[in-house]
Amino acid sequence: MSRDQKFFDMYSLVLGVLGAVTIAILVLAMKMSDLTQGVYTRDGAEYQQELASRIRPLGEVYLPGEERESQAPTVEAPAAAEPVATTLSGPQVYNTACIACHGNGIAGAPVTGEAAQWVERLAQGPEVLKQHALEGFTGSTGVMPPKGGRVGLSDAEVEAAVDYMTEQLQ
Ligand code: HEC
């Protein structure tokens, strides 16, 4: 036997063994993935759900009388915006609730900023002014409705507006 022949035989043997080992590893890996993935992945509820949604028919026919509401797309109604409870500042209240009368002296209201019309009123002190603004007041010139007619305003908001009005005199 020549040396070449010996080398060739040895070479084939090594190749054969390596090939057999490769195939054995492949088979073993497939077997293991079958055993493990089958149990942990493919049978999992999440995977099954995904699978079902991927292979579900594109369109479905609903005959009259058939109720398949659970599968019909539902449109969630947007949550109603929560009413935000905010406290209005003095100027904010004045400009929405008081300016209508006190801006120009409508209905006998003392005009904001006209010091002469406020001298006697200011002399009563801020507490009385606030009380009259909150509870309403009928004096010599007209009728001041409670909270200027905006009963939705809080006491603090109306009082802030009174402060704002009297500040305009200084
Ligand atoms: C519908 C018109 C009207 C609106 C709106 C109105 N007022 Fe008056 N207010 C009057 C009149 C009229 C008087 C004067 C009453 C009188 O002395 O005869 C008055 C008087 C006042 C007085 C003086 C009270 C006193 O003792 O002399 C204050 C303070 C006052 N208003 C605050 C307010 C505030 C604050 C608001 C807004 C929240 C407001 N008013 C909205 C008509 C109004």
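Start at 1 and go down the list; that is how both ligands and their atoms are numbered.
Under a 4.0 angstrom heavy-atom cut-off, Ala100 registers as lying outside contact with ligand 1. At least one heavy atom of Leu129 sits under 4.0 Å from some atom of ligand 1. Proximity of Ser140 to ligand 1 is established by a heavy-atom distance of less than 4.0 Å.
For residue Cys98, no N/O/S atom approaches atom 8 (Fe) of ligand 1 to within less than 2.8 Å.
With a 4.0 Å cut-off on non-hydrogen atoms, Val143 touches ligand 1 through its backbone and not its side chain. Contacts between Lys130 and ligand 1, counted as non-hydrogen atom pairs separated by less than 4.0 Å, are absent for every part of the residue. With a heavy-atom cut-off of 4.0 Å, Lys147 touches ligand 1 through its backbone alone. Here Met144 has heavy atoms under 4.0 Å from ligand 1 in both its backbone and its side chain.
With Glu159 contributing its side chain and Lys130 its backbone, the two residues share no donor-acceptor pair below 3.5 Å.
Protein heavy atom at the shortest distance from atom 28 (C) of ligand 1 is Trp118 CH2, 4.1 Å. Counting protein heavy atoms only, atom 2 (C) of ligand 1 is closest to Cys101 SG, 1.8 Å.
For Asn104, the CG atom sits in a loose shell: 12 or fewer heavy atoms of surrounding residues, nucleotides or ligands are nearer than 6.0 Å.
Tested against Tyr94, the residues Val158, Ile99, Leu88, Asp163 include a single side-chain contact (heavy atoms from CB on, under 4.5 Å) partner, Ile99.
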